[in-house]
Each structure stands twice: as structure tokens, then as C-alpha cells.
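Contents: one structure, followed by commentary.
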Amino acid sequence: MFEIEANLPVLVVTVPLIGGILTILMGRGKGPWAWATLITGVVFYFTWRLMQAVLASKTGMISYELGNWPRQWGIEYRVDALNAFILLTVAGVSFVTTLYAQKSVEKEIPQDRHNFFYAVWVLAVCGLLGITVTGDAFNVYVLLEISSLTVYALIAMGKDINRQALTASLRYLILGSVGASFILLGIGYLMMVTGTLNMQDIHDRLVAMPDAVHNRTVLVAFAFLLVGLGMKMALFPLHMWLPRAYTFAPSAVSALLSATATKVGVYMAFRFLFTIFGVGFSFVAMPAHIVLSACACTGILVTGVTAVRQTNLKRLLAYSSVGQLGYIVAGFALANVHGVAGSVVHIFNHAVMKGGMFMAAGAIMYRVGRCDLRAIRGLGKRMPLTMAAFVLGGLGLVGFPLTAGFISKWYLVQGALQAPHMWPVAAVVLVGSLLAVAYTWRVVEAAYFQEPEGESATVTEAPLSMVAPMWILIGASIYFGINATFTGEISMRAAKSLLGGAP
Amino acid sequence: MTDVLGIYNYWIYVLLMMIGLYGVIAKPNLIKQAIALGLFQTGIFLYYISMAVIDGGTAPIWTTIEHGAQKFQGPYDNPLPHVLILTAIVVSVSVLAVALALIINIKRQYGTIEADEIEAMDLADKARDYVRGQVVDAADDAETKLEGRHHV
Amino acid sequence: MSHVYLATAVVLLVGAFMLLYRAIAGPTVYDRILATNAIGTKTIIFVTLLGYISGRTEFIDMAIVYALIAFITTIAVLKYIEKGRLD
Amino acid sequence: MHWNEIVTTVLLSLGCVISFSGSYGVIKLPDFYARLHAAGKTDSLAQLLIFLGLVFVTPDLLTQIKLLLVAMVLLITAPTATHAITKAAHLDGLRPWTKSERGGRP
Amino acid sequence: MNAVVLIDTLLLLLVTVSAIAIIEVRSLYSSAMLTGVYSLLMALVWVNMHSMDVAFTEAAVGGGISTILLIGTLVHVGREEKPLKKRLHVPALIFTALTGAALIYGTLDMPRFGDPAAPIHHYRVPEMLAQTVGFVNKTPGKQPAPEGFDAQQYRTFDGRVKDIPADPTDTAWRENSPLRTEGLLIPTVPYQHDAHAEPGHHLHPPDDFNGHVPNSVTSLLAAYRGYDTMFETTVIFTAGVSLILLLRRPRREGYLQKGAPLGDQVILRVVTKMSIPFILIFGFYVITHGELGPGGGFQGGVILATAFILYALIFGRPALYRIVPPPVSDVLTGVGVLVYSGTGAACMLLGGKFLDYAFLNTASPGDGEALGMTLVEYGVGITVSMVMLTIFNQLAEEQSK
């Protein structure tokens, strides 16, 4: 009767949904946390199974029709190599982040609402996974709103440490809602000319339309979707909400968001640009590649310079995230196999590295109580494991050989050199790495070459429950830097299927 | 001309949306922003519902005649956008509720709900932190110098 | 017959315009509440009429909802004015 | 025109006139209490007339009952709301307009 | 100019005026009141465009709940907006004008308003409207098509349309389409019970709906796009939980304060006491009759919530807490979503796909569909009513001191 194997795509989303709601009942103390860890762990397991299933399937794609309605009428879940990989990334990082969250949340969130906090946390993961797995344009909007609403609440929970968390959250709420409305509008315009909501169906209809490139409705839909997605994935110059949000959110939340939320935004861009509109429309007929790579390159440079000037560690990482997102966007804007593969693999690599670095920042926050450059002076001796993790993550951002960052940059540069007239992207990637060296060095200098002072002088290493997850992620970033067969193969496969038209 | 008459209904939704968007950008009061965001979203709803209209159409609810059989009453308006907008309305009220909760918290913490004043207070906070840091740094430097002299 | 409904509907709408003026102009809060409340009543009649205009009269439940909602909103507003709080 | 349609037309027109006069009064009259007088009464009467008028052209019984139900609900809630508004205004100290005095807040 | 367009024009004029007023009025309080008016007017627009369910929701949510929430917030933040130095914000005006121009540019290639041959009316929707999707596609587990049923004939509107062009924007086809001249979209579909259904197959007419759900909005909402609706319920739940997270005070700090009942308003008390049972019954009626007429779980849930809110307004929130204590309402908010997702999971555990209600009753899949849709509607109703109540409680709970 019931087989897990046949229902994997939907289990990935419904398990965290039901689990998230049940979190409310888990009482106080460690109950909610343990439950959330269990749920995210189970989800991680399912995404792993799903990945295997996708790789094993002949078509390279698994389709699941919800309620058994034919996909053109109902809602379809459609998993290919790209989804499966992003699902695995999101679920894996959320699992490790949940493991990590316990101590940090205990300190930063009032005790009596841990059950609600973890409920929202698990629902955020549910929303992000749901966006990634769905093949229906409107379903994307609904799940996008779930993930956004939960994220607004999670960010605002930093209010007890710094009141600016509230303004950051509200600003994100307003910008995010405007962005989501633009997406809704774009979907509406597409629905008007195609009469359907299924992504594949929309694509078929657009292809069948002889003059889609000159259809004004389709053009406006494309533009508004691009702007809306840009806001959601914090593409420069629409990133204004991100640095504050990541800086003032509770540490665990920053780690979760940086590793998952914007990544899923990028994934949506993949789906809309490649699956719905198609490569021919987005990158040949429309100048999306020029616009996107211009935004991305400017973003890499500007945020790199800004990051160098930051004194708050979390803010520094936030700006760096916007810059790293630039690499991802620049990669798929190249629209060739290596570029897209670099982009996909960087989604994973960046999630792992930045997650680990935000965890390190959180550990410092936990011990010292703040995380500006002054606070970390001399911490290289007092918290050796944490600082080492941070520095290794930073090396990854730089793209140092034998780290995961190197792999993605390798692909990106290759892609940039292959594409016609796109060599400036390669140059920007290199300059961006130099900027990453600069801001990582500032941390290294403070942590290892300055004497501890004030409260930093007496701190000890962060508890094991924080250091271990941090090192899992950083270790993964090193492992996948040395042995990139798995990630490389999957992302090449995803890139080929994206560029080949049909997913 | 018939074209314009045919699509003017869509333009009113643009007008409503833009009134909302203007409010979101131009009004510093946070409550106004939240309300304007609602208007902005209603504009989109109007677009979707306009999309569903069909000439001479009627509500997409079949009339039941005896024994559960149903009577067809001419073309029905398209139910699909209606369903989508039901969902979207629910989403918009949820967003409004969360926004209001945030605004109440902001009022509690900042004492005001005017975006420009809050911005100024945030800047002041930042400046205060910065100056405090500078002072601490200077003190540290002096201390180090003193210690150095002492050692010599 | 539909002309009669239509004419009634238009008159109601014009009335709503006038009331809207009062709701915006004030001058006291009570004027606004009064105008809003009256617009509410007009809306209820209007909904019923719309059913007759489109020939589907089975949706009068809508009017009941409108009546309830208008009533509750008015009470909430009044409580806010009188007590300065809602609970 | 059938007799019931004539009755409906008459009742609806009457309702229209009364409703419109109420709206006009709300704009024209000098102070809150006078406006309340205009709006509250006309609203109740107009809705009653219009709903009654509609009853005559409704073929099925259920819809007729529903129409009367709506009218009844309105007949209960609208005056209650009006009463509450007046009471609130009165407690707030809003004074009525007279020929010698402008009214409004003391 | 027909009736719809005339009334539409007048209403939209009214709506636009009130929208501008909402933005430009200086008192936040008037703004909130006008938002209520705006929503009621907007609901009229929906009714005029024959979207009963949306109108229902808009009236209940926009006119009722949103206004109450806004006023609840004003209690905390004060009624007046700070006077602005400049009335007009020129950059914002330019920006919005440009955005608006872009959107209008996009409308130029759209099918005209109400065009029966627009892609959205004839591409996928007719089958949903006629509720014959399972029928046409011979989906396994759904009822097989009766003998002599030709899917192609169905698709082409009984052969009246020879070939629907692949290009959805083909205007020439649209102008000459028989759909346009006849104004008829729905093909005649055989609705009789299928005598040939094999055992184990669905014994009911098309699409497993027990008979045929008269309100096609409900059939789309609860069946075809039931998954969206599940997440819609989750969104509401999330909002409720977020409000608890952000606003609830710790229990030791006066979880239960003294309320401010409107004790002296005898008439109000009496009318409220009379009307609350009526409102509750009406709420349940709306939930259960979602498949017959406008309404459903969401609208009914909001109506139930307004009954509780009315009670709290008149008798004070502590009195409400005695009826629905916060821990109970907290749990119930989740129960609704659990009922919904549990129904879906039950279908899955019984061997079907998620939310394939037919598996709830394998002997009579049509009854299974009916059961599933009813369960789901109640799930939505529970969550919505309890979340609305929670939101109200949280906004009303702490007063500015």
C-alpha cells in the first residue's frame, strides 16, 4: 500500500509541515529543539533518498501529481537533478543548523516561547523546501509567502538583543511583500496569455507562441518576475534589506537564512528563467544575461568593498553573502554549461561555508556577547576551534585551492572564458577574491595578531554542541573542495538538463 | 478605440496598485505603509478577478435542481483566478497581521512609528557605538603605550 | 425590471459617494463612524440588488455577512473611542 | 408589467428617494446629531422598503425568507449601532447645534 | 455599455477615491475606518464581477478583521500621523508612474476584458469548470470514461471548434471563434451515473465528486488546488504563531489582565447575547455549505471568529478567556492544519497520492471525495477562526501604559 519511495517528493514537504505544527506541543526545555532536530533530520534523510531516486531514474526526473490530478490541472511536484541537489543542500544545512541552534537560542530567545520559535523555524524550512520541489507557478507564490512570513518572525526575534532587528524585519517585510507581489503579477500576466499555471505547460505554450518575444504582456511579465526574484534573492542593487536582516537576526537564524533563504531565491530564478521562459527567450532574445551579469559584477565589487569596511562580523558576512550571490548569478547568466554548473555548485558550497561562518560568529556572540572586530581580538587563542573554522570558511570565500570555493570559481572562470565577450566576468571573479582576502585578513589580524581585552580575555571555547555542527559544515566545505566528484557531477548534470530545454 | 475600451478595466487595477505603491514609498508612517501595502495587493487581486470575467457570464456556481442534478446557466466566469485570489487575500491579511505586530513592537522600543525618526535613532545608535569603540581603542592604545614604557 | 434594479443601484452608489465625502471630511470622529456605518448599510442593499441584476438571487447569504461585519466593526470602533482599548 | 412588478417598482423608488434624502442630509445638515437623525432613520426605512419590494418579485420561498431575515438583522443591528454612536458622542461631551450655538466640542 | 460595466465603472471610481483618501488622510484612525469602507466597496466590485467567494472573503477579512486589527494597533501606537513637510513626494510619484506605465504597456497585448476566447477561458479551465478532468484523461484510479466518450470532441467543445491554435495570442482565431459568437463555453457533458464502472473504480459521475460540486470554486479550492489551500491555511497558522512570538507577554507579567467590558451599554449587551448563537450557527452553515454556495472553511472560520471577537468586545477579554483559554486556542490553531494535512496523509497511507480523497472510501470513491473535502473545509475553519481570535487577543492584550 504505502511506499515511502513513491511519495518521497511530497514527504519532503509534509513532514516538516506536520512536524512544525506538532512542535508547539513539545512543552518547554529541550523538547522543542530535540523535536525540530528530529524532523529536520528525517527530512534530510528523505532528501537523500530522493536524490538517489532521481539519479537512478531513467528520465532523470521524478514527477508527483498531488491528489492524482493530471499535472496540467492540478499541482505537480517535479524533481530533477537541480531540485534534488538544492533540496539536499537546504535540508542538510537546516539539519546541521538546527543541531547548532540549541545553546544559541537558549541564550537569545525567551525560554517560554521556544516551542513557538522552533515551530516557526521548522515551517520556514518547510516553505523553502516546498518552493524547491514544486512545478507549479502559483504554488511557488504560496510557499514563498510561508517562507517569507516565517523569516520575518524569526528575524524579529533578535529584538531582545538589538531593537534594530524589528526595523530590519519590517523593512524586509515591506520590500519582500512588494517583491512577492511582483512575482504574483508576473505569474498573472503569464496566466493571461497561456491559460495555465503548470511551469512545463506554460513553457510549452510560450514555445508554441510564434511571437512570444514581441508579445508585450510576456515581456512585462518577464521584467516583473525578474525584479521580484531579484528582491527575493537580494541581487544587487535590490539587496537593501539583507545586511540589516542578517546582522540583527538571532545568530542561529542568520546561519539558517544565509545558507538557505537566498539560495532558494536563486533556485526560483533558475526555474523561471530556464524552465518557464527557456534559455532561448531569456538569454538569446532578451538581454537577461547582460542585465544579470552587470548587476552581479557590480554587486561583487561594491559589496566586497563595503564588507572590507565593516566592523561587525555578522554585517561583514552579510555583505559578503550579497557578493557571493553575485557569483552565483553571474554564473548562470553566462548560460553555458560550465557557468551554470559553477553557479549550481556554488549554491551548495556557499551554503556550507557561509553557514559555518555564521555559526562561528554565533559562537562568538554566545561567549562574548557581541561580535564586532574589537570583541574578537585575540580570540585565536581563547577560542581556537571557532576561529579556525571561521578562517577556513574565509579561505573558501576567497577561493583558495583545496576548499570548496575553489571548485566553484574554477567552473565560473572556465564558463566566463568560454562565453563570447564575457571575460570581464572572469576578471571580476578574481578581483572579488582579492576583496575576500582583504576582509578575511581583517578578521585574522584581529583574532591572531592582537591581544585579548575586556571580556574577551576570559572567554573559553564555545560548547561542543556549537563547535561540532560548525565543523561539520566547514569540514564539508574542505571535503568537497578536495573531492568534488559528487557535487561537480550533479551540477554538470543539472546544468545540462537546464540548458537542454526540458528539465 | 475598441481596444482601449476593451482593456481600460485593467488600467484601473494599475491605478490602484500605484496608489498603494506610492503610499509605501512616500509615507514615513509605518501604519500607513502597511495599509498602503494592502492597497497595493488589492490592485493585483482586481487584475486577477478582471481576468476571470467573461461576456455575459455569471457566478461559477451551478444551480442544483432536483435529485442533485445541476442546471447549466450560460457561460460561467472563470473560477481559477477566484481560487488563486482567495489564497492571496489570506496571505495578505497574514502579512498585515505580522506587520502590525512588528509595528507595535517598534513603537514599544523606539517610541515612534515614523520611519525617518527611527532611521535617525538607528544612526545615532550606530554613531554612539562607533564613538564608544574609538574611545575604548584610544584607551587601549594609551594603556599599551604605558605598559611599554613601564617595561622599558 | 432590470432597469429598475439598475436605477436603484446607481442611486445607492451616488448616495455612497455623498457619504464617503462625510467619512473623509469629518469633522468629528462620530461623523466618520456614522458615514461608514451608513455606507455599510448601502452596501448590503447593493449586494442584494446585484444578485437581482445578474439574475442569480440565491446568494443573499452575502448580505447577512455584510450586515454582521458592518455591525461588529462599528462596535469595535466605538469601543476604541469610548474606552481607548479593545479588550 | 405584472402587478407584483409594479408594487416592487413603487417600493424600490420610494426606498431610493428616502435613502437619497438621507445621504443628502448627511452632507447638508449642520452637526453630528442632525446628521445622525438623517442617516439612522432613513437607512432603516429605506432598507426595509427595498427588501420588501424585492420579496414581491422573488419566486422561491427560501430566498424570500432570507430577504426578510436580512431586513430583520439590519433592523436590529443598525439602530443598535446608531444608539451606541449617539451614546458615545453624548458621553464624549459633543453638544448639539442650536441656532445660537455652533455645537461641537465644548 | 452593459450593466456590469456601468456599475463597475461607478464602483471603481468610488474605490479609487477612497484609496486616495486612505493614503492622504492625516488621521490614522480615519485611514483605518476608510480601509473598512474600501474593503466593503471592493467586495462589491467582486460581486459585480461574479466572484462570490472572493467577495465573501474580502468582506469578512478586509471589512471586518483587518479594520479591527488596525484599530487594535492604533490603541498602541496613537491616532495621528506626524505632519509632513511636503505633501507630495516627487521621486515616489515618478517611480510609481514609471512602474504603472510599464504595467499598462503589458496590458496592451492582452485579450480584451471579458473576451470569451481568451486563453484562460478555453485552455485548461473548461474541464475544471465542468469537473471532468479525471474523466478526460483516464487517470488510473479515477473513473474511466464511459463508452463513446471522445476526449478530443470534448476538448473541442463538441466539435464546434475545429482546431484551437497552439498560439494563445492568435487574435484572428479569437475573432472568428464560434465561442465568441455563441458565447457558450461549456460543452454538454454526460452527467449520468456510469453503469459500466468496474468494481474498485469510482462509481460516481465525473471526477469522483459525489455527483458534482455545484460551487466550482470550492471544487478547485479543495480538490484540484487543495495543496495550495493547505499551505494557505499554514500561512494563517504561521501568522498566528508569529504574533504569539512577537506580542505575547510572559504569564507572570499579567497574562490575564482586567478587561474593559462595555458593561453599561444595556442595549448592546442584549443584542450581542441574542446574536452570538445566530452568528455561530451561521458560521457553521457557511463552512458546511461551501460546496453548494459561496463560502467555505475560510469564510466560515472568519465568521466564527467575529462571534468570539464580538463577545470579547462587549464582555471583556477575560470573559472570553474563560470560554476559550489561550492554551486551548493555541493548540486548536494547529489542530486545523493537522486535520487538513492529516487528511492528505491518510490518503497517502491508504495507498493513494497525497490529498487523493478518493482513497478515503475505496468502496465508494465519490463519497471519499465528499468526505475529504468536508474534512478539509472544517480544518480550514478551525485554524482560521482560532488564528483570527489569537491575533485579536495578542493585539488587544497589552495596552500602552
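Note on naming: letters A, B, ... go to the chains in the order of the sequence lines (proteins, then strands), and numbering restarts at 1 for each one. Keep in mind that the numbers below use all heavy atoms, side chains included, and drop hydrogens, waters and symmetry copies.
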Going through the distances and angles, do E/H121 and B/D77 end up as a side chain to side chain contact (heavy atoms under 4.5 Å, CB included)?
CA-CA 8 Å; E/H121 293 311; B/D77 281 326; 5.7 Å; no

Under 3.5 Å: donor-acceptor pair, side chain of B/N105, backbone of E/L246:
yes

Student check: side-chain heavy atoms of B/M51 and E/M49 closer than 4.5 Å:
no

Evaluate the criterion side chain to side chain contact (heavy atoms under 4.5 Å, CB included) for residue pair E/L103 and B/Y13; output intermediate values, then yes/no.
CA-CA 10 Å; E/L103 287 172; B/Y13 104 80; 3.9 Å; yes

Between chain E and each of B/L96, B/T87, B/L15, count heavy-atom pairs under 4.5 Å; write down the option with the most.
B/T87

Chain B contact via E/T229 - which portion, at a heavy-atom distance below 4.5 Å:
neither

Minimal non-hydrogen separation, E/H50 against B/H82, with atom names
O-CE1, 3.5 Å

Identify which part of B/Y47 has an atom lying under 4.5 Å from any heavy atom of chain E, answering side chain, backbone, both or neither.
side chain

Chain E: which of B/V24, B/I113, B/L46 shares the most heavy-atom pairs with it under 4.5 Å?
B/L46

So what's closer than 4.5 Å to chain E heavy atoms on B/M18: side chain, backbone, both or neither?
both

Intermediate values then yes/no, side chain to side chain contact (heavy atoms under 4.5 Å, CB included), E/Q299 and B/L86:
CA-CA 10 Å; E/Q299 295 91 333; B/L86 274 179; 4.0 Å; yes

Under 3.5 Å, is there a donor-acceptor pair between the side chain of B/K32 and the main chain of E/I23?
yes

What residue in E/L245, E/T73, E/V90 has the most heavy-atom pairs under 4.5 Å with chain B?
E/T73

Between E/V25 and chain B, with a heavy-atom cut-off of 4.5 Å, which part of the residue counts as in contact: side chain, backbone, both or neither?
backbone

Looking only at heavy atoms, what is the nearest atom pair of B/V83 and E/L220, with distance?
CG2-CB, 3.5 Å

Please classify the contact between B/I19 and chain E as side chain, backbone, both or neither, with a heavy-atom cut-off of under 4.5 Å.
both

Max heavy-atom pair count under 4.5 Å with chain B, selected residue of E/V235, E/T16, E/L28:
E/L28

Between CE of E/M42 and CZ of B/F45, what distance do you get to the nearest 0.5 Å?
9.5 Å

Check whether B/Y22 reaches the backbone of E/F95 with its side chain - one donor and one acceptor, N or O, closer than 3.5 Å.
no

Largest heavy-atom contact set with chain B, pairs under 4.5 Å, which of E/W46, E/F298, E/F231:
E/W46

Test side chain to side chain contact (heavy atoms under 4.5 Å, CB included) applied to E/L247 and B/R108, step by step
CA-CA 11 Å; E/L247 289 177; B/R108 242 180 244 165; 3.8 Å; yes

Heavy-atom distance under 4.5 Å to chain B: side chain of E/Y38, backbone, both or neither?
side chain

Mind ranking B/T42, B/V98, B/L102 by heavy-atom pairs under 4.5 Å with chain E and telling me who comes out on top?
B/T42

Checked B/V95, B/L39, B/I31, B/I25 vs chain E; the most non-hydrogen pairs under 4.5 Å come from B/L39

Residue selection (most heavy-atom pairs with chain E, distance under 4.5 Å) from B/V93, B/V90, B/L30:
B/V90

Check whether E/M52 gets within reach of chain B through its side chain, its backbone, both or neither, counting any heavy atom under 4.5 Å.
side chain

Can you find a heavy atom in the side chain of B/M17 that is under 4.5 Å from one in the side chain of E/T99?
no

In terms of heavy-atom proximity below 4.5 Å to chain B, should E/L13 be classed as side chain, backbone, both, or neither?
neither

My understanding is that only residues two or more places apart in sequence, or in another chain, count here; which of them pass side chain to side chain contact (heavy atoms under 4.5 Å, CB included) with E/A102?
A/F224

For a quick test of reading the model, state the closest non-hydrogen atom pair linking E/F113 to B/Y10 and the distance between them.
CA-OH, 3.7 Å

Specify the closest pair of heavy atoms between B/A101 and E/L243, including all atoms of both residues, with the distance to one decimal.
CB-CG, 3.8 Å

So what's closer than 4.5 Å to chain B heavy atoms on E/V61: side chain, backbone, both or neither?
side chain

Chain B: which of E/D228, E/I22, E/V47 shares the most heavy-atom pairs with it under 4.5 Å?
E/I22

Backbone N/O of B/P60 and side chain of E/S216: donor-acceptor pair under 3.5 Å:
yes

Taken in chain and number order and not counting sequence neighbours, the residues that satisfy ring pair (Phe, Tyr, Trp, His ring centres under 6.0 Å) with B/Y110 are none

Quick check for you: to the nearest 0.5 Å, what is the distance between B/S92 atom OG and E/E58 atom CD?
7.5 Å

Top contributor to chain B contacts, counting heavy-atom pairs under 4.5 Å, from E/L69, E/L12, E/I391, E/T57:
E/L12

Among the options E/I104, E/V45, E/L221, pick out the one with the most heavy-atom pairs lying under 4.5 Å from chain B.
E/I104

Counting N and O atoms only, with roles assigned by atom type, does the side chain of B/N78 sit under 3.5 Å from a partner on the main chain of E/I120, one being a donor and the other an acceptor?
yes

Interface moiety of B/V91 toward chain E, non-hydrogen atoms closer than 4.5 Å:
both

Where does E/P294 contact chain B at under 4.5 Å (heavy atoms): side chain, backbone, both or neither?
both

With chain E, the option among B/A52, B/G111, B/A36 that has the most non-hydrogen atom pairs under 4.5 Å is B/A52

Relative to chain E, which segment of B/L16 carries a heavy atom at a distance below 4.5 Å: side chain, backbone, both, or neither?
side chain

Quick check on B/L100 against chain E: is it the side chain, the backbone, both or neither that has a heavy atom closer than 4.5 Å?
both

